[in-house]
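Worksheet: one structure, shown below.
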Amino acid sequence: MISEVRNQIKGILQDAINAAIQSGDLPHVNTPDIPFSPTKAPEHGDIASPIALSLAKTAKTSPRKIADAIASHVQLEESFLIRKVEVAGPGFINIYLSKLWVYNVLKTIKEAGANFGHSNHGEGIRVQVEFVSANPTGPINIVSGRAAAVGDALVNLLNAVGYEAIREYYVNDAGGQVENLGASIDVRYRELLGQGGLEIPDGGYHGTYLVNLAQSIIDESGAEYLQIDDTERIAVFRDLGIERLLAVQKATLERFGVHFDIWSSEKALRENGKPGEIIKVFRERGYLYEADGATWFRMTDFGDSKDCVVIKSDGEYTYFVPDAAYHRDKFERGFVKAIDLLGPDHQGHVEHLKHFVEALGLGDDWLEVWIIQQVNLIDAEGNRIEMSKRSGQFYTLDSLIDELAEAVDDRFAVDVARYFFLMRSNTSHLDFDLHLAVTQANENPVFYVQYAHARCCSIFREMENQGIAQTEMDEGIAEHIDDPESLRLIRHLAEYPEVVLNSAEKREPHRLTHYVFELAGLFHGFYNEHRVLDPSNSHLTQVRLMLVGAVQTVLRNGLTLLGISAPKSM
RNA sequence: GCGCCCGUAGCUCAGUUGGAUAGAGCAACUGACUUCUAAUCAGUAGGCCGCGGGUUCAAAUCCUGCCGGGCGUACCA
């Protein structure tokens, strides 16, 4: 809504510039698209434009003079929007918005309610967001937890601005990794049954969760599987392992509040012959050649430094093939855009993936790939825990939630985790300081935001206790708002739809996290400075109730998009 | 070597299409509860925005060269 205002002001300033040129106050210049700069301080008005600064060179006049000329030609009386125009600093044109605008902001928020901030910008375009997609070879760790929080919020954001976005999880339930899983379980199984001298195979999984898994198999059926031959047993354990570990992953994600719309299976993809189709397409288009007993893809045709193997000399596909097939499958399912959130260990894969998509002719910007950077956990002793599934050293999302639940209220454990994951930009490494999250639970930023919402709710409860009724708001009532705290709040509220749009379009949910935190801060400041329910001044009470209602709505909307609860009391 | 990411206050990090005096939180210090919730607020202190060049009226932001850190660079996924 601030952007609509900006467009109107653009028109007003353009008219003023034209008028200034007509009257000879300004030399004839071609005006570029009128820029705006964010106003950081209230003395810079509500909206500011550095247009005079950029015109200075072509107009060959000082920016200050240009700004004065433009400002003097702004038709204040014809605008319901602008209250005052000032020239400041080196030549900024600062614009102060009218009380009518204040009224419009509050009214719009009240009428839109839970839909405030939503738009149809995406025009119903179908978007598929693939995230987490952890191999079904172990529990969900906190790196995947970060991706889960980011992906989930991103889909919320996309849907809020009018896309039709869905959440998808690609299960790598075929290929070498799951063979290693079967072999690793087999080792644990035989160890538990007393066989010595066994070692987890290369590329296998060392985590103790496989010991537990093997134990549960023994609990159920004893040493029964020792009767069958090795390869068969490993295959049984592979399938059993996938099934159980996937179930654990699903349970963890549900607990974390992330619900995937589609679970895609690599195994099913292979059984449907999709990888073979891809190979056929690549071969027809001349991207493949044979060397050293393997089949290679001409990655160098796409500017890469070397080609890569797609069919190994043992006849197996490398993971590229089903992966490329999977992306073609996404396209065939009708998604106009695919967004992949990948972990930091897949970084080298990004370019390859894009080249495969290019080779399939799916369009340049059809696929977006984002790397969600690494998470390091700082434990209570200040030790940095490195995440690596294969070394068996990892910290699971479940244990994170468990620890948070122990330290803070149960109902907020997931909120805290999600908030921490959504605080940082995706490209930054994230140090999840558990020590801080746990021991200083009360100063936790997520509570700061939630508390602001709870306070809003509390005011309305008190309103009812005192038997105060909310009246319909009219334009005149906005005249009663003129304190700086309220005006700053309103200006910030008006920016919300733009923040939602930017967060969605730039795929950066953390912008919204920062926004709600700032909004909470502004509200806490307002709350301490002003009393809302004032029996001696019903006009003021009414307009402030309106404001508190707007803050409550926007906090709740923002937190909801982030997947964080907005408690009514704390 | 090549590629990607990062470098901003003691620590962890924001910083929008380049805009006015670079911001938060934590840690430190000083104050504010007879009040709609003090899980709060107000204030103090803390900065060659890694370094050097360039573009611009204007650079934390764009370009370039260094320095430092993380990750990736398989006939693994």
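Note that the structure is a prediction, hence the values are computed from the model and not measured. Chain identifiers are assigned alphabetically (A, B, ...) following the order of the sequence lines, protein sequences preceding nucleic acid strands; residue numbering begins at 1 within each chain.
As rounded to whole Å, 6 Å separates atom C1' of B/A24 from atom CZ of A/Phe517. Taking atom OH on A/Tyr448 and atom C1' on B/C26, their separation rounds to 14 Å, with Å as the unit. One atom, CG of A/Asp314, and another, P of B/A74, lie 18 Å apart when rounded to the nearest Å. Rounded to whole angstrom, the span from the CD1 atom of A/Ile459 across to the P atom of B/C36 amounts to 11 Å. Nucleotide B/C4 holds its P atom 20 Å from the CG atom of A/Leu341, rounded to whole Å. If you measure from atom NE2 of A/His514 to atom C1' of B/A14, you get 5 Å, rounded to the nearest angstrom. Rounded to an integer number of Å, the gap from A/Arg146 CZ to B/U12 P is 15 Å. Going from atom OH of A/Tyr419 over to atom C1' of B/C26 covers 13 Å, rounded to whole Å.
With C1' as the reference atom, B/G43 and B/C4 are 44 Å apart, rounded to whole Å. Nucleotides B/A14 and B/G25 are separated by 16 Å at their P atoms, to the nearest Å. On the P atoms, B/A9 is 26 Å away from B/G65, given to the nearest whole Å. Only the P atoms considered, B/G10 is 32 Å distant from B/G1, to the nearest whole Å.
For the pair A/His510 and B/G15, the criterion of a side-chain N or O lying under 4.0 Å from OP1 or OP2 is met. One finds no side-chain N or O of A/Arg544 lying less than 4.0 angstrom from the OP1 or OP2 phosphate oxygen of B/C36. Using a 4.0 Å cut-off, some side-chain N or O of A/Lys306 falls inside it from OP1 or OP2 of B/A74. The side chain of A/Lys312 contributes an N or O atom lying less than 4.0 Å from OP1 or OP2 of B/C76. Residue A/Thr427 places no side-chain N or O under 4.0 Å from the OP1 or OP2 atom of B/C5. For the pair A/Ser305 and B/G3, the criterion of a side-chain N or O lying under 4.0 Å from OP1 or OP2 is not met. Taking only side-chain nitrogens and oxygens, A/Tyr527 never comes nearer than 4.0 Å to OP1 or OP2 of B/A42.
Here the straight-line distance linking atom OH of A/Tyr496 with atom CG of A/Leu519 works out to 10.0 Å at 0.5 Å rounding. The CG atom of A/Asp431 lies 9.0 Å from the CD atom of A/Gln374; values are rounded to the nearest 0.5 Å.
Considering only residues two or more places apart in sequence or on other chains, A/Arg424 meets the salt bridge (charged side-chain N to carboxylate O under 4.0 Å, His left out) condition with none of them. Every residue two or more places apart in sequence or in another chain that forms a side chain to side chain contact (heavy atoms under 4.5 Å, CB included) with A/Lys84 is listed here: A/Glu86, A/Tyr96. Judged as a ring-ring contact (aromatic ring centres under 6.0 Å, His included), and not counting sequence neighbours, A/Phe92 has no contacts. With sequence neighbours excluded, the residues forming a salt bridge (charged side-chain N to carboxylate O under 4.0 Å, His left out) with A/Asp33 are A/Lys10, listed by chain and number. Under the side chain to side chain contact (heavy atoms under 4.5 Å, CB included) criterion, A/Asp314 pairs with A/Lys312, A/Glu316, sequence neighbours left out. Judged as a salt bridge (charged side-chain N to carboxylate O under 4.0 Å, His left out), and not counting sequence neighbours, A/Arg455 has no contacts.
The pair A/Glu495-A/Arg491 fails the salt-bridge criterion, with no side-chain N (NZ, NE, NH1 or NH2) lying under 4.0 Å from an Asp/Glu carboxylate O.
A/Glu266 comes within contact range of the sugar-phosphate backbone alone, with a heavy-atom separation under 4.0 Å but no base atom that close. Residue contacts shown for A/Pro344 are limited to sugar-phosphate atoms, with no base heavy atom under 4.0 Å away. Across all strands shown, A/Ser569 has heavy atoms under 4.0 Å from base atoms, whether or not it also approaches the sugar-phosphate. Within the nucleic acid shown, A/Arg531 comes within 4.0 Å of at least one base atom, counting heavy atoms only. Residue contacts shown for A/His352 are absent, as no nucleic acid heavy atom lies under 4.0 Å away. Residue-level contact check: A/Asn465 touches neither bases nor backbone, having no heavy atom under 4.0 Å from any strand. When heavy atoms are screened at a 4.0 angstrom cut-off, A/Ala294 is found touching base atoms of the nucleic acid.
A salt bridge (charged side-chain N to carboxylate O under 4.0 Å, His left out) check over residues 289-306 of chain A, counting only residues at least two apart or in different chains, returns the pairs A/Arg283-A/Glu290. Sorted by first and then second residue, the pairs that involve residues 511-534 of chain A and meet salt bridge (charged side-chain N to carboxylate O under 4.0 Å, His left out), not counting sequence neighbours, are A/Glu508-A/Arg511. Sequence neighbours left out, the pairs with a member in residues 537-551 of chain A that pass salt bridge (charged side-chain N to carboxylate O under 4.0 Å, His left out) are A/Asp483-A/Arg544.
Between A/Tyr317 and A/Phe526, it is A/Phe526 whose nearest contact on RNA chain B lies nearer the 5' terminus. Along RNA chain B, the nucleotide nearest to A/Arg424 and the one nearest to A/Phe460 differ in position, and the one closer to the 5' end is contacted by A/Arg424.
Aromatic rings from A/Phe320 and A/His349 are positioned such that their centres are separated by under 6.0 Å. If you look at A/Phe297 and A/Phe356, their ring centroids are closer than 6.0 Å.
Of all nucleotides listed (B/G19, B/C41, B/C36), B/C41 comes nearest to the side chain of A/Asn528. Nearest to the side-chain atoms of A/His429 among the listed nucleotides B/A39, B/C13, B/G70 stands B/G70. Here the nucleotide nearest the side chain of A/Ala48, chosen from B/C71, B/C6, B/A20, is B/A20.
Counting distance only, with no hydrogens placed and no angle test, the side-chain atoms of A/Ser428 and the base atoms of B/C13 include no donor-acceptor pair under 3.5 Å. Residue-to-nucleotide contacts include a donor-acceptor pair under 3.5 Å from the side chain of A/Asn94 to the base of B/A20. Applying the 3.5 Å distance criterion, the base of B/C5 shares no donor-acceptor pair with the side chain of A/Gln373. Between the side chain of A/Gln347 and the base of B/C71 there is at least one donor-acceptor pair of N/O atoms closer than 3.5 Å.
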Using the 3.5 Å cut-off, write out each protein N or O paired with an N or O of nucleotides 16-18 of chain B and the distance between them.
| unit_1 | atom_1 | unit_2 | atom_2 | d |
| --- | --- | --- | --- | --- |
| B/U17 | OP1 | A/Lys506 | NZ | 3.2 |
| B/U17 | OP2 | A/Lys506 | NZ | 3.4 |
| B/U17 | O4 | A/Phe36 | O | 3.0 |

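Helical stems of RNA chain B (runs of at least 3 Watson-Crick or G-U pairs, donor-acceptor distances under 3.5 Å) are listed by first residue: B:1-7 with B:67-73, B:10-13 with B:23-26, B:28-32 with B:40-44, B:50-54 with B:62-66.
Here A/Phe92 does not count as stacked on B/G19, because the ring centres are not under 5.5 angstrom apart with planes under 30°.
A heavy atom closer than 4.0 Å to some atom of RNA chain B occurs in no member of residues 58-67 of chain A.
Side-chain contact between A/Leu245 and A/Leu181: present, with at least one pair of heavy atoms (C-beta onward) separated by less than 4.5 Å.
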